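Report on one structure; see the data block that follows.
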Amino acid sequence: MTRASSYTFVAACLSLATVGSLTQAWGQQASSTASPSLNYEFFKAKVEPIFLAQRPGHARCVVCHTFNNAPFKLVRRSPGSTAWTEEQSRQNFQLVQKVAQPGFEGSKLIVHPLAEEAGGDPHHGGGQQFGSRDDPDRQTLKAFVLGATLK
């Protein structure tokens with residue numbers, strides 16, 4: 001092997017070692033900053049009841065979001081039922097993921113029904129369900145999006 005090819009070989013090995021170290025470092029950083037996931041049990045116990053709740057001056061979320069053409073839909077409950085079945089709740093959980101981006105406080109599920117003066121979306125046909133960022137139901141939706149689980 002010539003001296004020049006020896007240097008080239010050593011340089012190539014060092015480059016590969018550097019790339020390997022950087023790739024490992026990036027992988028560790030990405031895993032430590034990974035977005036939380038949405039928790040089904042939290043959704044079923046804490047979020048679905050919000051969709052059924054009656055707020056003064058507003059229709060319940062379930063009224064519009066089972067019949068409208070919006071990006072967020074809810075499954076129709078069985079006739080005469082006041083809650084969803086397990087299968088329907090699982091379908092709702094899949095559907096809510098269209099508007100609940102895990103770890104993102106700007107998710108439509110959190111922003112869309114919030115009053116415009118509180119930083120919400122001005123174009124929610126169902127009105128501004130939450131007058132403040134501190135509304136307990138809005139805080140529950142936020143917790144869900146940020147990865148809350150049942151204790």
Side-chain angles (χ1 to χ4, degrees), residues 12-151:
C13 288
L14 289 172
S15 294
L16 287 173
T18 301
V19 168
S21 296
L22 288 174
T23 302
Q24 183 180 6
W26 288 331
Q28 288 173 348
Q29 181 181 6
S31 66
S32 67
T33 59
S35 293
S37 60
L38 302 175
N39 182 273
Y40 171 72
E41 295 302 327
F42 187 90
F43 171 78
K44 185 178 174 186
K46 303 288 186 175
V47 175
E48 274 191 326
I50 293 171
F51 301 148
L52 296 170
Q54 176 67 58
R55 285 173 200 75
H58 297 285
R60 294 175 298 139
C61 302
V62 67
V63 171
C64 296
H65 285 278
T66 53
F67 299 104
N68 67 8
N69 242 357
F72 176 49
K73 287 257 193 229
L74 292 166
V75 175
R76 288 185 191 177
R77 292 172 289 154
S78 302
S81 178
T82 58
W84 286 282
T85 66
E86 180 67 22
E87 181 182 338
Q88 291 169 332
S89 289
R90 291 202 178 274
Q91 290 173 330
N92 281 338
F93 182 68
Q94 292 300 315
L95 292 167
V96 80
Q97 292 180 49
K98 293 180 181 181
V99 293
Q101 183 180 356
F104 180 51
E105 289 188 45
S107 291
K108 285 290 187 186
L109 183 67
I110 300 171
V111 176
H112 204 52
L114 179 62
E116 187 176 2
E117 56 274 6
D121 188 344
H123 304 293
H124 182 230
Q128 297 170 328
Q129 298 275 337
F130 310 123
S132 146
R133 291 179 169 273
D134 297 326
D135 182 286
D137 285 343
R138 185 193 173 274
Q139 289 295 317
T140 299
L141 295 179
K142 179 180 170 184
F144 168 66
V145 169
L146 295 180
T149 59
L150 293 178
K151 306 274 188 259

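On a predicted model such as this, the values are computed, not experimentally measured, just so you know.
- Gly147 and Pro36 make their closest contact through CA-CB, 3.8 Å (heavy atoms, listed as atom of the first residue, atom of the second, distance).
- Put simply, the side chain of Arg77 reaches to within 4.5 Å of the side chain of Val62, judged on heavy atoms.
- Within the 4.5 Å cutoff, the side chain of Lys98 has no heavy atoms near those of the Pro71 side chain.
- The CD atom of Gln91 lies 11.5 Å from the CH2 atom of Trp84; values are rounded to the nearest 0.5 Å.
- To the nearest 0.5 angstrom, Ser132 atom OG is 8.0 Å from Gln139 atom CD.
- The side-chain heavy atoms of Leu146 and Phe104, taken from C-beta on, include no pair separated by under 4.5 Å.
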(request) Take Thr85 and Ser78, measure what side-chain contact (heavy atoms from CB on, under 4.5 Å) needs, and give me the verdict at the end. (result) CA-CA 8 Å; Thr85 66; Ser78 302; 4.3 Å; yes
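- Across all their heavy atoms, Pro102 and Leu38 have their closest contact at CG-CG, 3.7 Å.
- Contact detail for Val111 and Gly119: the closest heavy-atom pair is CG1-O, 3.9 Å.
- With rounding to the nearest 0.5 Å, the separation of CG in Leu109 from CG in Leu114 is 11.5 Å.
- Between the side chains of Glu41 and Thr149, no donor-acceptor pair of N or O atoms lies under 3.5 Å.
- Rounded to the nearest 0.5 angstrom, Lys46 NZ and Asn39 CG are separated by 12.0 Å.
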(message) Let's go through Phe72 and His112 carefully: what are the C-alpha distance in whole Å and the side-chain angles of both, what is the deciding distance for side-chain contact (heavy atoms from CB on, under 4.5 Å) to 0.1 Å, and is it a yes or a no?
(response) CA-CA 11 Å; Phe72 176 49; His112 204 52; over 6 Å; no
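- Of the options Val96, Leu95, Asn92, a side chain to side chain contact (heavy atoms under 4.5 Å, CB included) to Leu74 is made by Asn92 and by none of the others.
- Summarising the geometry of Tyr40 relative to Ser89, their closest heavy-atom pair is OH-CB, 3.3 Å, with the distance given to 0.1 Å.
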(message) Using side-chain contact (heavy atoms from CB on, under 4.5 Å), reason through Arg138 and Ile110 one step at a time and then give a plain yes or no.
(response) CA-CA 7 Å; Arg138 185 193 173 274; Ile110 300 171; 3.1 Å; yes
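- Remark: Ala83 engages no residue in a side-chain contact (heavy atoms from CB on, under 4.5 Å) (not counting sequence neighbours).
- Note that CZ of Phe130 is 13.5 Å distant from NZ of Lys142, once rounded to the nearest 0.5 Å.
- Minimum heavy-atom separation, Phe43 to Pro49: O-CD, 4.5 Å.
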(request) Apply side-chain contact (heavy atoms from CB on, under 4.5 Å) to the pair Val75 and Thr66, showing each step before the final yes or no. (result) CA-CA 6 Å; Val75 175; Thr66 53; over 6 Å; no
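- Closest of all the heavy-atom pairs between Ala118 and Arg133 is O-NE, 2.9 Å.
- Rounding to the nearest 0.5 Å gives a distance of 4.0 Å between NZ of Lys108 and CG of Asp121.
- Shown here are the salt bridge (charged side-chain N to carboxylate O under 4.0 Å, His left out) partners of Glu86, two or more places apart in sequence or in another chain: Lys44, Arg90.
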Contacts table for residues 51-61: side-chain donor-acceptor under 3.5 angstrom, sequence neighbours left out:
from	atom 1	to	atom 2	distance (Å)
Gln54	NE2	His58	O	2.5
Arg55	NH1	Gln129	OE1	3.2
Arg55	NH2	Ile50	O	3.3
Arg55	NH2	Asp137	OD2	3.1
His58	NE2	Gln128	O	3.3

